Every structure is written in structure tokens, then in C-alpha cells.
2 protein chains.
Amino acid sequence: MTEPPRPLKRTEIRAMNETLILQAAEKVFAEAGFGGATMQLIADMAGLPKANLHYYFATKEDLYRRVVQNIFEIWLHAADSMDNAPGPAEGIGAYIDAKMEISRRHPDGSKVWASEVMHGAPVIQDYLETTLRDWTKGRAALIQRWIDEGKMAPVNPDHLLYMLWATTQHYADFGHQIQTLNGGKPLSDRQWKAAKDSVKTMILRGIGVA
Amino acid sequence: MTEPPRPLKRTEIRAMNETLILQAAEKVFAEAGFGGATMQLIADMAGLPKANLHYYFATKEDLYRRVVQNIFEIWLHAADSMDNAPGPAEGIGAYIDAKMEISRRHPDGSKVWASEVMHGAPVIQDYLETTLRDWTKGRAALIQRWIDEGKMAPVNPDHLLYMLWATTQHYADFGHQIQTLNGGKPLSDRQWKAAKDSVKTMILRGIGVA
DNA sequence: TCTTTTCCTGACCATATGGTCAGAAGGAAG
DNA sequence: CTTCCTTCTGACCATATGGTCAGGAAAAGA
């Protein structure tokens, strides 16, 4: 019943508490937004006294920034599936799969990201202007190459990317609405598969790859 | 230079101040979220003393509820374009046009709505369960009819609706990100037209109507 | 064992915020 | 003009919140 009281090393303690706090923070920020979240709520959810949060993260904003950065990392990694693909069917198909999986596994992270961007990206504006802009330019070029090679219909690459982001993230950000329209029940495994298939089918056909 | 000091009627005063407050509130709620918005900020933006807000709207939550309800109305009206259409090309095409126009004209409203839903729809849950659910069922049935009549490819109507919402609202909710990726400049008229065309082309082809 | 460093936390503080209220100001009605 | 009702607002209040700090507990190092 009781957990083994093995004495923890300093590094272990630090790592454990930081992730504990970050997980709690992600959930609270997602549920209440930055303004609505309170350090007390996050502390309670993490099972730690509030003062302890400030020991690990100086300010609420620092904690928030770390949460957003973590999400951004996951975001970027999903893009790897798009590279090294022989063509749009595989590349974009895999990207949709990856992003849908993220929406399913990290809905809170997606919401925090959406909230941050909606409010004008006060803390990650520099990321948008550097990392994300570069990333987008690269993928748009890749898509343009596919178009030039006649592998897909000629569409505006930027707007295709926006559509990919919008459609996949919608299942996380508007998950509550979807759940309500689904009779109040979260999507089942089968329904998630149907969602993924629907998105993939429509978008791939939409770019002339079907 | 000075506005005419014609004495205003009571009803005029009331109507004017209410819309003044509601407009300011929409902007502030969109920019800061419910938790981050303050009555003082809204008051300053409306050019009224804070106590005056509480004369017209008892609580912050009341004011917020009114803002969200206003948006919901606009939302539903956009759907009219879908009805009375001979087929999906016209109906869904018109719906995309209408929703893109809303994203362009009412980005703040869209953001408030997104924020509300992301946080679990604390104040409009009943709308989701009644009005929106009915609306969705009706349009899904309409789409299914088009499919049965062979007018479009057999897709899951619900997921098509989600895609329509996601894609169009993305241009409002993530407008800041899009603007950043556009070199920091808001989309021009020409670019908005390109966006609309891209979305319409890809989705209509995606459902086999092209 | 003794010292040092890190970790932890209850109590506390300054500030900001939602909301209240008494009374002034100004149209409406007679 | 007088009365009545709506609109308006500065001053005020209770509370919640982000953040601080002194000192205790516990691990690391010598």
C-alpha cells in the first residue's frame, strides 16, 4: 500500500518535481487559460505547497513559458514524418496521422498553444518569427516541389499547411464541442480512426492525391 | 471638432452604452481571455468608469455571457447560406464563403468562442447541447442526402462539418500566427481571396465536387 | 560525525480585482 | 417648476493572488 520510502537523490527529486509541476501546469493552463490559472490550483493539482512551485519556477510566467516551449518541441517533431517521404500521399498522410495522434494524446498542450497564439503569442513570438517561420518555409518548398513534379494538384502550399494544422488541432482544441455533439461521450478508438481516415481522405483527395 | 451635444433619449443612451461596452468587452475577452480580462480594462476601452459597467451588467460573467451569445447568433446565421442550395458545390461553397467572411470581420468574436469551448464551455454548455446539436444534426442529414443522391463523395458528414469549422475559424483564431508567417503584415484583400479560394478548392475537391 | 548545500514550507505582504453604495446629475412626466 | 425615475460615478471594501522570506529538514560532501 505504501510506496517504498527509498531516499531519493537530489537530481531525482528535482527532475520528478519539475515534471510533476509541468504536467499539472499544462492541465490547469489548458483548462483556465493563463489569466484564469492560479499558482495555488497548480500546486494543489501537483500535490505540493505553493511556495514549492516558486522554488522551482520563479514566476507564473516562467512556468507558463516552459509549458509552451515543451509543446512547441512536440509540435516540431511531428513534422519529421513529412520529410523523407517519396511523395505527398505518404508525406502528408503521415503528417496528418502524427498530428491527429498528438491531438489525441496531448489535448491540453494543444489548447495551451492555441490560447497562447490567440492572445498574440506574448511569450513565444520570437519562436514564431524564427523557428516556425523557417519550418514553414521549408515545408512549403517541399510541397511546391511535389507540385512541380506533378505529384499533386497545384495548391497554395501555405494554405494547405494551415488547413492541416487547423483540421488536426481542431480535434484537441474543440474536443469538448465534439464530445458534446457525440452525445457527451469522448470519441472511441473506432471513432478516432474514423476521424483520422476522414481527414486524410478528404485532404488527400483535395490535393489531387487519391 | 466637438460632437453635437444633442440631449440623448434614455433608450438611445442605454442602447449606445450597451453596445459600446459589449464591443469593448469582446475585444478585451479575445485578447486576454476571461480570466485575464478585467472590468477596469473593458471600462477604459469603452471610455466609461468601471462602476458604470456594473450598472448595465451586474457581473463580469453576465457581460461575458452576453458577448458569447452574440457571437453564437452570428455563427448560426452563417448557416443559412447552406440551406436552399441545389447541391454541395453551391451550399458548402457558400458556407465556406460566409464563414471566411466572419473570420475576417469578427476575429475577436471567433476567439472568444474558441476560448469558451476550449475551457469546457462553462457558460454555453446548454447551447451546445440544444441549439448546436440540432443544427449539426440537420446539416449532417442534408449532407447525407446529397451523398445518397450521388451529388458528392461519401464522406462522414460530421467530420466534414468539423473540417469546415476548423479550417475557416483558423484564419481568425490563429490570425496572429498567420500574420507572423506573412512577414508580420495582415493578409491583404488579394491574400484573403486566395485563402478563400484555396480552402474552397481543396475542400470541394476533397468531397468529390470539383 | 560535522559542515555545506539543496530542498521544503507556513506565514506573511503588497497589490489588484470584482463588486457595492450613497449620493449627484440629468432626462421624463405632470 | 416640481416630482420621479433612470443614469452615472468616486470612494470604498472584502477577497484572492503572485510572490517573499526566515528558518527547518534532509541529502551530499568531507
Side-chain angles (χ1 to χ4, degrees), chain A residues 2-22 24-29 31-68 112 119 122-123, chain B residues 2-29 31-68 112 115 119 122-123:
Chain A
T2 60
E3 65 251 14
R6 175 175 72 84
L8 292 172
K9 287 181 186 167
R10 290 248 174 97
T11 54
E12 286 176 327
I13 291 178
R14 181 149 217 119
M16 201 182 72
N17 283 342
E18 277 191 1
T19 54
L20 203 63
I21 294 169
L22 284 170
E26 180 175 292
K27 178 170 269 182
V28 173
F29 281 133
E31 284 173 359
F34 178 80
T38 69
M39 293 300 271
Q40 189 62 60
L41 255 170
I42 297 171
D44 291 347
M45 180 141 302
L48 295 171
K50 191 185 72 166
N52 208 350
L53 296 209
H54 281 99
Y55 174 72
Y56 285 102
F57 301 90
T59 69
K60 183 184 175 185
E61 207 175 312
D62 282 343
L63 176 53
Y64 175 74
R65 184 175 288 117
R66 281 285 301 274
V67 170
V68 174
V112 175
H119 297 352
V123 323
Chain B
T2 59
E3 65 251 13
R6 174 176 71 86
L8 293 171
K9 287 181 186 167
R10 290 242 177 101
T11 54
E12 286 176 328
I13 291 178
R14 181 151 218 117
M16 201 184 71
N17 283 340
E18 278 191 359
T19 55
L20 204 63
I21 294 169
L22 284 170
Q23 282 175 352
E26 179 175 292
K27 178 169 268 183
V28 173
F29 282 133
E31 284 173 358
F34 178 81
T38 69
M39 294 298 272
Q40 189 61 61
L41 255 170
I42 297 171
D44 292 347
M45 181 142 301
L48 296 171
K50 192 184 69 165
N52 208 349
L53 296 209
H54 281 100
Y55 174 73
Y56 286 102
F57 300 92
T59 69
K60 183 183 173 185
E61 206 174 311
D62 282 340
L63 177 53
Y64 176 74
R65 183 174 289 115
R66 281 285 302 272
V67 170
V68 174
V112 175
S115 194
H119 298 351
V123 322

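The shown structure was predicted, so the numbers you read here are calculated from the model rather than taken from an experiment. All chains are named by letter (A, B, ...) in the order of the sequence lines, taking the proteins before the strands, and each is independently numbered beginning at 1.
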> Please walk me through it: do B:Leu22 and B:Leu63 pass side-chain contact (heavy atoms from CB on, under 4.5 Å)?
Replying inline: CA-CA 7 Å; B:Leu22 284 170; B:Leu63 177 53; 3.8 Å; yes
> Could you give the CD-to-P distance, from A:Glu18 to C:dC8, as a whole number of Å?
Replying inline: 11 Å
> Of the nucleotides D:dC8, D:dT17, C:dG18, which has the atom closest to the B:Ile13 side chain?
Replying inline: D:dC8
Under 3.5 Å, which protein N or O atoms sit close to an N or O of nucleotides 9-11 of chain D? Give each pair with its distance.
{"from": "D:dT9", "atom 1": "OP2", "to": "B:Asn52", "atom 2": "ND2", "distance (Å)": "3.2"}

> Of the candidate nucleotides C:dC7, C:dG19, D:dT7, which contains the atom at the shortest distance from the side chain of B:Thr59?
Replying inline: C:dG19
>> Could you report the tightest heavy-atom contact between B:Leu53 and B:Ala43, atom names first, then the distance?
In response: CD1-N, 3.8 Å
> Between A:Lys60 and B:Thr11, who's closer to the 5' end of DNA chain D by nearest nucleotide?
Replying inline: B:Thr11
>> Without decimals, in angstroms, what is the distance between B:Met16 CE and D:dT6 P?
In response: 19 Å
>> Are there over 12 heavy-atom neighbours, none belonging to A:Lys27, within less than 6.0 Å of that residue's NZ?
In response: no
> Whole-Å distance between D:dC8 P and B:Leu20 CG?
Replying inline: 11 Å
> In whole angstrom, what separates B:Phe34's CZ from C:dT17's P?
Replying inline: 14 Å
>> Please report the distance, rounded to the nearest Å, between CD in B:Gln40 and P in C:dA16.
In response: 11 Å
> Among C:dC7, C:dT17, D:dG18, which is the nearest nucleotide to the side chain of A:Arg14?
Replying inline: C:dC7
> Using 30° and 60° as the class limits, which term best fits the ring planes of B:Phe29 and B:Phe34: parallel, tilted or perpendicular?
Replying inline: parallel
> For the side chain of B:Tyr56, counting heavy atoms from C-beta on, which of C:dC8, C:dT17, D:dT7 is nearest?
Replying inline: D:dT7
>> Taking any heavy-atom pair under 4.0 Å as a contact, classify A:Phe57: base, sugar-phosphate, or nothing.
In response: nothing
> Between A:Tyr55 and A:Arg14, what is the shortest heavy-atom contact and its length?
Replying inline: OH-NH1, 4.1 Å
> For the pair made of CE in A:Met39 and C1' in D:dT17, what is the distance, rounded to whole Å?
Replying inline: 11 Å
> Can you name the nearest heavy-atom pair linking B:Ala37 to B:Ala32, along with the distance?
Replying inline: N-CB, 3.7 Å
> Could you give the CD1-to-P distance, from B:Ile21 to D:dT7, as a whole number of Å?
Replying inline: 11 Å
>> Is it the case that the side chain of B:Lys50 and the backbone of B:Ile42 share a donor-acceptor pair, with hydrogens and angles ignored and the cut-off at 3.5 Å?
In response: no
> Checking all strands, does A:Ala43 fall into the base, sugar-phosphate, or nothing category for heavy-atom contacts under 4.0 angstrom?
Replying inline: nothing
> What's the CG-P distance between A:Leu63 and D:dT17, to the nearest Å?
Replying inline: 16 Å
